[in-house]
Amino acid sequence: MITVLNQTVASKKKPWQIELSQAKLSLKELLDYCQLPMDNTFIDHNDFVIKATKNYLSCIQKGNPKDPLLLQILPTIEENKIIEGFSNDPLQEKSQNPQTSIVHKYNNRILVVATGSCAIHCRYCFRRHFPYEQNRHSTKQWLKTIDYLKAHPEVDELIFSGGDPLSLADSTLSLMINDLENILTIKTIRFHSRIPVVLPSRVDQDFLNIFKSCTKKLIMVIHSNHANELNSAVKQACLSLHEHNFTLLNQSVLLKTINDDSRVLIALSHRLFDCNVLPYYLHLLDKVQGAAHFDITIARAKQIYTQIQANLSGYLVPKLALEEPNESNKTIIM
Ligand SMILES: *Cc1c(COP(=O)(O)O)cnc(C)c1O
Ligand code: SF4
């Protein structure tokens, strides 16, 4: 009887929810999966645990300790080093939090931190120390966000960020999209999400249906750092989003030993275009404590950038950008 009951409960979960619920891994599980031996430079992190979906793991080359996808999720002792110039809140977002769960830093657009949950834990993440627990989505918070939009008609774009907003339930997303339909000053709804890349099964028919009668402009900024992440399931998810009126853009972070090579970035741009996605930003690393080992110098970034510019059509070249605290927009370097 209990088995039957459990099966009923389990069957209510969608494939993507099951994959998401199984994304936490121990260091040993990750290494076993990748067929790699334990090494004393690897660590098992307690606060920012190891997390990656089956789909993401399937894109890792087994037996390769330098695999560019593995390096994005594998914690090493480098994370524990305290490096000068790297802080826990590099963008000083805590001070730009006018009310919990909103970051209103740029004039016409606000960022809504809708959830704390991601389908993957990227070791370079600039929000790894963000107080998500105090910024978790709740109906009460959402109603306050709606009030904030009514009081700020200059805001014409709402950006769902996180964590990862696509980890929210369909019912929650649906409610929010419907509420926004009534705010006439909002013209564009944008999502920043790594989920189309790491958990493409999330982009199912139920998800797409949420936007069926939405009259706002829709943008999905996916976050991919390497062409190896974009397998056929990811491509299918992108094509479906495109068919459902989403404009697709990509934001990458320039990461040492992962994609700090013009050939890697050129391949990424081509693969993105193949998935109907245009490169948008190539971001320099935000100086967050624990991620210094991914940092490269601005001079090196410019050098790589010049090489990609020389080899790609203009529309396949992302903007090289940097985020500085208290600036009213991102700083474009090139
Ligand atoms: C990056 C960012 C945005 C969006 O900026 P765009 O240049 O329009 O992509 C908005 N709010 C915050 C806090 C951001 O960090
Ligand atoms: S917020 Fe983005 S970069 Fe940070 S852990 Fe989540 S998916 Fe990765």
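Side-chain atoms are counted along with the backbone in the values below, which use heavy atoms only and exclude waters and symmetry mates. All ligand and atom numbering here is 1-based and tracks the order in the structure.
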Ligand 1 versus Glu157, non-hydrogen atoms closer than 4.0 Å: side chain, backbone, both, neither? neither

Contact partition for Ile110 relative to ligand 1, non-hydrogen atoms under 4.0 Å: neither

Short N or O distance, Lys105 and ligand 1, threshold 3.5 Å exclusive: no

Side chains of Asn225 and Gln72: do they bring a donor and an acceptor to under 3.5 Å? yes

Can you find a non-hydrogen atom of Arg190 under 4.0 Å from ligand 1? yes

Is a donor from one side chain sitting under 3.5 angstrom from an acceptor on the other, for Asn55 and Thr53? no

Side chain proximity check, Ser58 to Asn231, heavy atoms < 4.5 angstrom: yes

Does Ile120 come within less than 4.0 angstrom of ligand 2, counting non-hydrogen atoms of the residue? yes

I'd like to know if atom 4 (Fe) of ligand 2 has an N/O/S atom from Cys118 within less than 2.8 Å of it, counting both backbone and side-chain atoms. no

Relative to ligand 1, is Lys319 under 4.0 angstrom through side chain, backbone, both or neither, heavy atoms considered? neither

Check each atom of ligand 1 against the heavy atoms of Glu323 and keep those under 4.0 Å away; list them by number with element. 14 (C), 15 (O)

What atoms in ligand 2 come closer than 4.0 Å to a heavy atom of Gly163? 1 (S)

Proximity to ligand 2 by part of Cys122, non-hydrogen separation under 4.0 Å: both

Assess the residue pair Met176 and Leu168 against the criterion (side-chain contact (heavy atoms from CB on, under 4.5 Å)); give the C-alpha distance rounded to whole Å, side-chain angles, the decisive distance to 0.1 Å, and a yes or no. CA-CA 11 Å; Met176 297 195 293; Leu168 291 170; 3.5 Å; yes

Under the 3.5 angstrom rule, does the side chain of Tyr305 hit a backbone N or O of Val317 as a donor-acceptor pair? no

For the residue pair His152 and Tyr148, categorise the inter-ring angle as parallel (less than 30°), tilted (30 to 60°) or perpendicular (more than 60°). parallel

In terms of heavy-atom contacts, does CZ of Phe273 have more than 12 from other residues, nucleotides or ligands at under 6.0 Å? no

Option with minimal heavy-atom separation from atom 3 (C) of ligand 1, where the choices are Tyr280, Tyr281, Tyr106: Tyr106

Within 4.0 Å of some non-hydrogen atom of Arg194, the atoms of ligand 2 are 7 (S)

Phe191 pairs by side chain to side chain contact (heavy atoms under 4.5 Å, CB included) with which of Ile219, Val221, Leu173, Ile222? Leu173

